[in-house]
Structures are given as structure tokens and as C-alpha cells.
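For reference, the structure discussed in these notes is given below.
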Amino acid sequence: MTSNAEQEMPVHRIRTDPLFYALLALIGSTYIVLVIGMLIADATYVLTSDMSERIVLDFSSDDQRRMLATGDDPSHRFDRYGLRFTTSAPDRLETRIIDSDKPSAANSNLGSPHQDFGGPGVGRGGRARNGLHTTDSRRSSDDGNSYLSPGSGENDMPLGNVIVLSPSDPAAPEVEEAAELVANWIAPVRVHRLRLEALERAGGQVVLYGAEGEILGQHAIGAPDSEQRLTVELNQEGVSRADVALVDGEAIAHLDYSAEDRFSARLAHPARTRVQAGSIRVVPRGAGQTRPAETPGAIVCHWEDPVQVDELQLLDIAVDGAEIRAFNLAGEPIALDVNGAEEPIWSRAVPNLGRNSLQKVHLNAPGVARLEIHLPQGGALAEMHFTWQRHLRSAWERDHPNLARLFFNPITDALGKPEIRYSIKLTLISCTMTAILSLWVAIPIGYLMSRHRFPGRDLIDAVLDIPIVLPPLVVGLSLLILFQYASVGIREAVVYQIPAVIIAQFSVACAFAVRTMRATFDQIDARHEQVALTLGCSRMQAFSLVVVPEAKRGILTAATLAWARSLGEFGPLLVFAGTTRNKTEVLSTTVFLELNVGNLGAAVAVSLIMVAAAVMVLVLARAWGTRNLAL
């Protein structure tokens with residue numbers, strides 16, 4: 001029987017204190033917001049990022065990286081970009097490739113202006129060394145073109161292949177193949193004679209040019225004497241270039257000249273200057289077969305999917321009347337970018353800069369489906385810069401760009417690359433093998449550490465945690481040093497090979513699997529195993545028939561954690577396996593490689609693929625495994 005005091009004792013209820021829990025939630029939510037923000041940012045980037053890509057065509061190779069040579073027809077060599085080259089008069093003109101670094105004597109105006117590469121060194125865009133030093137005085141003209149001032153400046157690289165208009169008349173006489181050499185002098189010289197040896201037949205000529213490209217003299221190559229020798233007296237002053245063309249390609253040529261030159265130096269400016277007389281270049285056989293047309297025409301560029309034309313580089317525009325026009329898919333003209341223009345400019349005039357001129361024309365014209373480069377006489381297209389959308393869009397994709405992003409985005413673009421598909425394949429194989437090997441080691445070690453006490457147990461427990469706390473790069477370096485002590489055959493078969501990928505992943509992932517299995521066995525009641533032993537089971541039978549079935553969920557959790565840890569491994573792979581494409585490249589190293597080449601879209605796409613794989617692993621671990629493991 002209770003007293004009245006006990007009956008009147010107040011009841012104290014536990015307060016939930018929502019303010020306290022709200023404070024905890026606020027602090028913890030910062031991390032949750034960070035993780036969710038990263039995922040949302042990646043997904044947003046994929047759906048909104050600019051898929052365009054700037055292409056620079058220098059015509060050294062086609063869209064399949066097959067080399068282009070003099071005389072090749074570039075009409076259908078860039079179909080990947082939907083680009084086709086034609087002419088304004090296909091019945092009489094066609095587009096051809098000429099190597100401006102190794103032009104024939106007849107095509108010398110298309111040669112690189114840079115004297116170090118066999119060019120004449122005259123004309124805007126070339127190099128002419130007047131005085132003590134060479135200056136680089138690049139400037140922009142009022143019409144928006146940029147070029148180098150006459151008599152100064154440098155073109156530091158040979159131009160290589162260019163596109164010219166060439167006659168396509170089948171009735172035109174074929175140009176006889178000749179052996180040619182081109183000699184250039186930095187300062188004008190006096191050329192005395194041309195001596196030829198081992199000359200078997202007559203034919204050909206010598207053409208001498210002055211500093212401004214004017215012809216100073218022409219001399220025919222006659223018949224050799226009985227000893228197959230011939231001397232052609234030239235005796236010409238002020239020569240800056242000599243073109244020698246021979247029908248006999250086995251002859252040996254000697255060009256005798258004299259020069260009056262001097263060294264000059266300013267003693268107040270310590271420096272060292274290399275002195276160079278000029279250059280001599282033997283032209284490849286057959287280079288003279290392709291020659292620019294002497295009649296007016298236009299190089300016409302057709303795009304199946306409109307692009308933005310950013311810049312053109314033109315060579316040897318030496319007459320007035322050259323112009324550029326652009327049109328959209330409907331055939332309507334497009335206004336071109338000209339500095340200072342108040343009204344739309346539908347036709348962009350290209351200035352006459354003289355022989356061997358080199359100029360860049362900035363257009364910045366969007367939506368171009370047809371580009372016409374009108375050349376009144378001679379000239380060439382040396383380089384083209386345009387921006388496309390990485391694939392040829394159909395009409396509905398152009399009309400519905402937002403819907404088209406669902407079918408073409410950085411992820412689909414990345415999956416279309418052979419090297420990324422290979423990295424996905426290798427990642428799946430290596431992560432699966434690593435998970436299997438990790439279970440093979442983790443189950444016995446985890447059982448041993450959970451059930452038995454033995455000398456050195458704490459030391460082994462610490463050793464098992466080393467891969468978890470070590471910096472990843474140190475793990476890779478340690479593996480690399482370890483295999484330096486192996487035999488040459490083993491080292492060559494493992495280091496920087498596919499086995500190195502699996503070993504590097506295993507060295508870290510196995511530690512997590514061991515921790516998981518040890519925690520699993522700690523939660524299994526040992527009395528079940530003891531009962532099995534009293535009923536006559538051996539230790540192996542009790543382990544395999546009792547313990548392993550009870551540890552099934554922990555085994556699945558260990559496997560998924562090892563697989564996920566292998567997926568994200570990077571440091572050991574970078575040092576021990578390398579990042580060779582189509583060999584040891586996995587998804588984590590693909591992100592690194594794509595960032596190195598500046599392809600942020602592909603790096604984000606691969607990252608999202610890894611995120612999707614990690615989420616799948618977590619879902620499986622939650623569904624199959626146990627959440628109560630204390631790692």
C-alpha cells in the first residue's frame with residue numbers, strides 16, 4: 001500500500017529539445033549539401049555544357065589522320081566534319097594539295113616565306129634580315145586581317161600543305177616530271193655559273209630571281225658533252241633565288257656564286273648571332289605535276305551541318321579582287337566580321353599583299369554552310385579554323401537542341417570513343433578480379449583475427465591497416481620498388497602491364513575487405529560453431545557449413561566494398577601501372593588523361609559513369625549486405 005506522498009510525486013517527462021536536434025542537423029547538413037551539390041553540378045554540366053569543338057585544318061592529314069601528299073584531291077577527305085571541297089567551276093577547276101614547304105620551282109610563290117625553310121624570305125609574312133637583327137612586328141590591318149610588315153618579322157614554321165585551284169581539263173598537256181632544286185640567299189649574291197655532272201640528256205632551265213621576286217634571267221639546259229658534263233654561264237648580280245629544273249633526275253648540280261657580306265656588331269650589347277648564307281632545297285620528284293590555275297576561280301567549302309568559321313590563313317594573294325563570301329543552309333548570305341564596319345558586310349575583301357604573302361583573315365561567322373574563297377589568279381588556302389558540334393546534326397537536332405542533348409551529350413560522346421570503351425572494359429574486369437582476390441584473402445585472415453589470440457596479433461592487425469592510412473602514391477611507389485628486386489621476366493610481365501593494374505587495386509582494396517570480414521565474424525556467435533564441433537564436425541566442416549553461411553551478408557558487403565574501392569583507385573595505378581591508353585587505362589586514370597588534354601566534358605562524363613557505378617554498388621551493399629559492421 002503506497003503513501004499519499006508517493007501518489008502525489010510529479011511525473012517528469014523527457015523533453016525532446018527540438019532546438020538541439022535542429023542545431024545538429026544544421027551542422028551535419030553542410031556535408032550532405034556538399035555531396036548533393038557536387039552530383040547536381042556534374043549532371044547540370046553534362047546537360048548544359050558547350051559540345052562544340054574548334055578544328056584547325058592544316059591539310060597535313062585528313063579526318064582519319066591519313067597523310068595528304070602533293071597532288072591529292074581533298075574533296076572528300078574531311079567527311080567526318082561534313083566538309084567537302086569543290087570549286088566554282090568543276091568542269092575546268094579542281095582542288096588539289098601542294099606542299100608549300102617543298103614546292104616545285106614553278107610553284108615557288110606558294111613556298112613558305114621563311115628563309116630557314118627554303119622560302120624566298122620576301123613578302124609580308126616572310127623573313128627578311130635587314131640590318132643587325134630580325135624583328136617581329138606583327139600588326140593588324142584596318143580590314144581585320146593580321147600579317148607581318150614588309151621587310152621584317154618572322155614566320156617561324158613551314159606552312160606545309162595548302163589547297164590550290166588546279167586545272168581539271170583532261171585535254172591539257174601533262175607536265176613533264178622534272179628534278180628541281182631551289183636555292184635561296186639571305187642577301188643578294190652574284191651567281192656565276194651552273195655546273196652539271198652525270199647529265200645524260202638535255203632539257204630544263206635555270207630561272208634567277210631578285211630580292212622582290214622579279215625574274216632576272218632564264219637559261220635553257222643544253223646537251224652535255226661526251227663526259228656527261230655541262231656548264232651554263234649565268235653571270236647575274238643581285239640574285240636572291242635560283243630555280244633549277246632538269247629533265248635528268250640523276251645529275252649532280254654545282255652552283256657557283258660570290259657574295260660581299262660583312263659582320264656588324266654593337267659592342268655595347270653583348271650577344272651572339274648565327275650567320276647564315278641561305279638554303280638549298282631539292283624538290284621531291286613529281287611536285288611540279290600539280291600547278292595552280294592561272295584563271296579566276298573560287299575554292300568552295302560545303303558543310304552538311306553549319307559551323308562557325310573563325311579564321312582562314314591565305315598564301316600568295318598577289319592581285320586585287322580576292323574576296324570571301326559565306327552562306328547559310330538556305331543559301332542566304334551571312335554578314336562577316338570586319339573591324340569598324342557600321343553596316344553588315346556580305347563580301348569580305350582580301351587585300352593584295354604581293355607575292356609570297358601570308359595573312360590571316362578573321363571571320364567569326366556562325367551558321368556557315370557554304371564558304372566561297374574567290375581567287376582572281378593564284379593563291380592558296382593554307383589553314384582553316386572552324387567550330388563544329390562534334391557530330392553531324394540532323395534537321396530535327398538543329399530545330400530542337402534541348403531535346404537533342406538527351407541523345408548527344410558528353411556521356412554519349414565519351415562512350416563513343418574506343419579508348420574510353422576499352423577503359424570501361426578493363427575497369428570491370430580488373431575490379432571484379434580484385435574483389436575475388438580480396439575475398440580469397442580477407443575471409444581466412446578475418447576469421448583468424450576474430451577467433452584466435454596469438455603472439456604478434458596486434459602487430460599483424462596494425463600491418464593490415466597500413467594500406468588504408470598510407471598515401472596512395474606511396475603505395476604505388478612501394479610496389480614499383482618491390483618489383484625492382486624481382487627477375488627481369490617477372491618485372492617486364494607485371495610492371496606497367498595489366499597485371500600491375502590488378503595488383504595496385506588489390507593492395508588497397510583487400511585491407512577494406514579484411515576489416516569487413518573481421519567485423520562480420522565478430523558478430524557471429526561462436527557457440528554455433530562449438531555446437532557443430534560437439535556434434536562431430538571437424539574444424540573445416542564447422543567453418544564451411546556453419547560460419548560461412550552465417551557470414552554470407554558480410555561476404556557480399558566485403559566484395560562490394562572491395563569492388564568500389566578498386567573503382568576509385570588512382571595513385572598506385574599512376575605510379576605502378578601507368579596510364580597508357582588502350583593498355584593500362586581504367587576509368588580513374590581516364591579522368592586524369594582527359595583533364596590533361598583539356599577535355600573537361602569527357603572527364604565529367606567519365607566521372608558520372610563512375611558515380612553511377614558507385615551508387616549501384618552502394619545499393620547492392622545495402623540490399624544484400626549488413627549495415628551493422630563496425631569497420
Side-chain angles (χ1 to χ4, degrees), residues 70 98-123 126-130 158 175-263 274-288 291 355-356:
T70 297
I98 286 181
D99 188 352
S100 71
D101 185 34
K102 307 177 185 66
S104 65
N107 299 333
S108 287
N109 286 328
L110 293 177
S112 170
H114 197 320
Q115 288 174 332
D116 288 354
F117 298 105
V122 299
R127 169 183 290 181
R129 299 180 183 176
N130 300 325
V175 180
E176 183 178 8
E177 184 174 303
E180 303 178 65
L181 67 87
V182 179
N184 288 279
W185 289 273
I186 293 175
V189 299
R190 178 182 181 87
V191 180
H192 299 289
R193 65 190 63 85
L194 171 69
R195 294 182 291 111
L196 299 172
E197 300 178 0
L199 182 65
E200 297 181 355
R201 54 178 177 151
Q205 66 174 348
V206 181
V207 183
L208 304 177
Y209 297 88
E212 298 300 324
E214 72 277 12
I215 296 178
L216 301 179
Q218 293 178 300
H219 304 267
I221 304 296
D225 58 17
S226 59
E227 297 182 353
Q228 297 183 337
R229 296 181 178 179
L230 176 67
T231 300
V232 181
E233 295 294 337
L234 302 176
N235 297 320
Q236 182 67 54
E237 294 183 353
V239 177
S240 291
R241 188 178 92 228
D243 296 344
V244 180
L246 301 175
V247 176
D248 185 1
E250 302 298 327
I252 301 174
H254 304 274
L255 201 57
D256 298 336
Y257 72 94
S258 59
E260 294 184 1
D261 209 345
R262 65 181 184 274
F263 293 114
R274 184 181 63 178
V275 177
Q276 182 176 342
S279 64
I280 187 167
R281 171 171 51 85
V282 178
V283 179
R285 300 294 293 272
R291 299 191 178 187
R355 290 297 179 187
N356 293 103

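Worth knowing before you read on, the calculation uses all heavy atoms, side chains too, and leaves out hydrogens, waters and symmetry mates.
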Exercise. Got a second to check how far T231's OG1 is from D225's CG, nearest 0.5 Å?
Worked result: 8.0 Å
Problem set entry | Point-to-point distance, once rounded to the nearest 0.5 Å, from CD of Q205 to CD of Q218 | 5.5 Å
For this session: Could you give me the CA-CA distance, side-chain angles and deciding distance for L196 and L246, then say whether side-chain contact (heavy atoms from CB on, under 4.5 Å) is met?
Result: CA-CA 10 Å; L196 299 172; L246 301 175; 4.0 Å; yes
Problem set entry | E250 CD to R201 CZ distance, which is reported to the nearest 0.5 Å | 10.5 Å
For this session: Measure across A259 and V189 and return the closest heavy-atom pair with its distance rounded to 0.1 Å.
Result: CB-CG1, 3.6 Å
For this session: Show your reasoning for whether side-chain contact (heavy atoms from CB on, under 4.5 Å) applies to L208 and R241.
Result: CA-CA 6 Å; L208 304 177; R241 188 178 92 228; over 6 Å; no
Exercise. With side chains defined as the heavy atoms from C-beta onward, is the minimum distance between I215 and V207 less than 4.5 Å?
Worked result: yes
Exercise. Between A253 and L194, which heavy-atom pair has the shortest distance, and what is it?
Worked result: CB-CD1, 4.2 Å
Problem set entry | Check against side-chain contact (heavy atoms from CB on, under 4.5 Å), E200 and Q228 | CA-CA 6 Å; E200 297 181 355; Q228 297 183 337; 3.7 Å; yes
Problem set entry | Electrostatic pair E197:R229 at N-O distance under 4.0 angstrom | no
Exercise. Is any side-chain heavy atom of H192 closer than 4.5 Å to a side-chain heavy atom of S258?
Worked result: yes
Seminar exercise, completed: To the nearest 0.5 Å, atom OG of S240 lies from atom OH of Y209 at 12.5 Å
Problem set entry | Identified side chain to side chain contact (heavy atoms under 4.5 Å, CB included) partner of V191 from the options V206, L216, N235, V239 | V239
Problem set entry | For A251 against L199, the heavy-atom pair lying closest together | CB-CD1, 4.0 Å
Exercise. Taking the side chain from T70 and the backbone from D99, do they hold a donor-acceptor pair closer than 3.5 Å?
Worked result: yes
For this session: Would you name the heavy atoms of A245 and I221 that are closest together and state the gap between them?
Result: O-CG1, 4.1 Å
Problem set entry | Close side-chain approach of L255 and L234, heavy atoms under 4.5 Å | yes
